[in-house]
There are 2 protein chains.
Amino acid sequence: MEEGTSKSPTHCADTALEHDYDARQWDVREGCEVRQILDRVADKWSLLVIALLEQRSLRFTELRREVDGISQRMLTVTLRHLERDGLVRRTVHPVVPPRVDYALTPLGATLHDTIQSLVTWTEAHQGEIAAARAAYDGAAAGAGAGAVGM
Amino acid sequence: MEEGTSKSPTHCADTALEHDYDARQWDVREGCEVRQILDRVADKWSLLVIALLEQRSLRFTELRREVDGISQRMLTVTLRHLERDGLVRRTVHPVVPPRVDYALTPLGATLHDTIQSLVTWTEAHQGEIAAARAAYDGAAAGAGAGAVGM
DNA sequence: CAGTATCCCCAGTGATACTG
DNA sequence: CAGTATCACTGGGGATACTG
């Protein structure tokens with residue numbers, strides 16, 4: 001499905017479509033490589049792993065312990081994806097108890113500010129969101145529906 | 001599942017855990033409200049909808065047309081989530097052909113910079129990522145495995 | 001330790017039909 | 001137009017077991 005690998009790395013605004021899509025700010029259409037990368041980078045586990053790796057390189061087990069709730073499988077998958085995208089570098093030390101370190105590549109490090117701003121925003125506004133949630137649920141409950149906590 | 005509504009809106013670093021979790025920069029543990037909000041905000045469709053709404057308010061059908069590939073159901077679900085979180089405001093105009101406008105709330109608007117930085121990063125580095133992908137796939141293919149394009 | 005391989009389940013998602 | 005309701009399906013993701 002992700003066969004866009006060797007395809008044109010250029011921005012996908014060149015695909016000819018009929019509907020009046022004016023260049024707003026970024027392409028919202030499917031098949032756009034930006035969409036795909038965004039999905040990868042904005043991924044739940046990716047975000048967590050990258051944030052952790054920002055501090056220092058970590059070993060597989062360390063990551064598994066730090067990222068609470070991730071399964072071994074998902075950690076492996078996430079790590080492979082990040083490695084393939086050139087965001088994380090995997091280093092195998094040929095020692096008897098196998099030791100593998102994961103570290104951010106320079107490219108991965110450039111994500112720092114972006115991710116940090118996302119996290120900062122979330123932390124800064126979680127109170128407001130919780131309040132909005134409570135208000136919404138309360139209104140819904142009062143409006144007649146009994147289903148709260150959707 | 002999302003019953004943290006009326007719970008403590010405070011940062012979740014107060015939950016007592018036994019493992020030596022030092023305050024790195026943000027809580028990676030499950031049950032943390034930040035994790036949940038991050039998942040919501042970093043959601044594929046949410047990102048797209050918010051980006052679109054940043055320009056101007058849109059109607060349901062307009063959104064469905066702009067966000068290429070989204071199903072009616074997912075648009076509704078996404079919109080409800082964003083509304084509940086206080087990021088989007090839903091305005092119903094009581095006219096004969098029902099007209100509903102969706103607009104970013106002030107809170108939602110504060111996401112602008114963050115999302116924009118994410119998109120900008122992606123657009124700026126998609127070439128590097130594509131190259132990394134090609135290199136990774138090429139190396140894997142040369143290493144013996146024939147399965148490319150994972 | 002650091003994975004890979006399997007099985008399996010269910011939540012997310014698309015398609016379709018119906019309604020105010 | 002703007003949804004809601006239903007059904008069916010896929011694959012994301014957890015649990016477990018095995019391997020180098």
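The structure presented is a predicted model; accordingly, all values stated were derived computationally and were not measured. So that the names make sense, note that chain A is the first sequence line, chain B the second, and so on, each numbered from 1.
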Quiz item: Phosphate oxygens OP1/OP2 of C:dG3: is one of them under 4.0 Å from a side-chain N or O of A:R90?
Solution: yes
Quiz item: Can you check the B:M74 CE to C:dG12 P distance for me, whole Å?
Solution: 8 Å
Quiz item: Donor-acceptor pair, B:T105 side chain versus B:L87 backbone, under 3.5 Å?
Solution: yes
Exercise. On DNA chain D, check which nucleotide each of A:S71 and B:E62 is closest to and give me the residue with the more 5' one.
Key: B:E62
Quiz item: Please give, in whole Å, the distance from C:dA5 P to A:R80 CZ?
Solution: 11 Å
Practice problem: Output the distance between atom CZ (A:R40) and atom CG (A:L82), rounded to the nearest 0.5 Å. | Solution: 7.5 Å
Practice problem: Determine, step by step, whether B:L107 and A:I129 satisfy the side chain to side chain contact (heavy atoms under 4.5 Å, CB included) criterion, reporting the C-alpha distance in whole Å, the side-chain angles of both residues, the deciding distance to 0.1 Å, and the verdict. | Solution: CA-CA 9 Å; B:L107 178 59; A:I129 291 181; 4.1 Å; yes
Quiz item: B:H93 has an atom NE2; how far is it from atom C1' of D:dG3, in whole Å?
Solution: 16 Å
Quiz item: Atom CG of A:L79 and atom P of C:dG3: how far apart are they, to the nearest Å?
Solution: 7 Å
Exercise. Tell me which of A:F60 and B:V96 sits closer to the 5' end of DNA chain C, going by the nucleotide each one is nearest to.
Key: A:F60
Quiz item: Which whole-number value in Å describes the distance from A:R59 CZ to C:dG3 C1'?
Solution: 13 Å
Exercise. Using atom CZ of A:R64 as one end and atom C1' of C:dA2 as the other, report the distance to the nearest whole Å.
Key: 9 Å
Quiz item: If you take all heavy atoms of B:L47 and B:A42, which pair is closest and at what distance?
Solution: CD2-O, 4.3 Å
Quiz item: Rounded to whole angstrom units, what separation is found between the NZ atom of A:K44 and the P atom of D:dG13?
Solution: 7 Å
Practice problem: Classify the side chain of B:Q72 versus the base of D:dG3 as yes if they form a donor-acceptor pair under 3.5 Å and no if they do not. | Solution: yes
Quiz item: Given that both distances must come in under 3.5 Å, which nucleotide forms a Watson-Crick or G-U wobble pair with D:dG20?
Solution: C:dC1
Quiz item: Taking B:E66 for the side chain and B:L63 for the main chain, is one N or O donor matched with an acceptor at less than 3.5 Å?
Solution: no
Quiz item: Reckon B:T76 has a side-chain N or O less than 4.0 Å from the OP1 or OP2 of D:dG3?
Solution: no
Quiz item: Is the distance from OP1 or OP2 of C:dA5 to the nearest side-chain N or O of A:R73 less than 4.0 Å?
Solution: no
Quiz item: OP1 or OP2 of C:dC1 sitting under 4.0 Å from any side-chain N/O of A:Y102?
Solution: no
Quiz item: Applying a 3.5 Å limit to both distances, which nucleotide forms a Watson-Crick or G-U wobble pair with C:dA11?
Solution: D:dT10
Exercise. May I have the distance from B:D101 (atom CG) to D:dG3 (atom P), rounded to whole angstrom?
Key: 10 Å
Quiz item: Below 4.0 angstrom from OP1 or OP2 of C:dA2, is there any side-chain N or O of A:T61?
Solution: yes
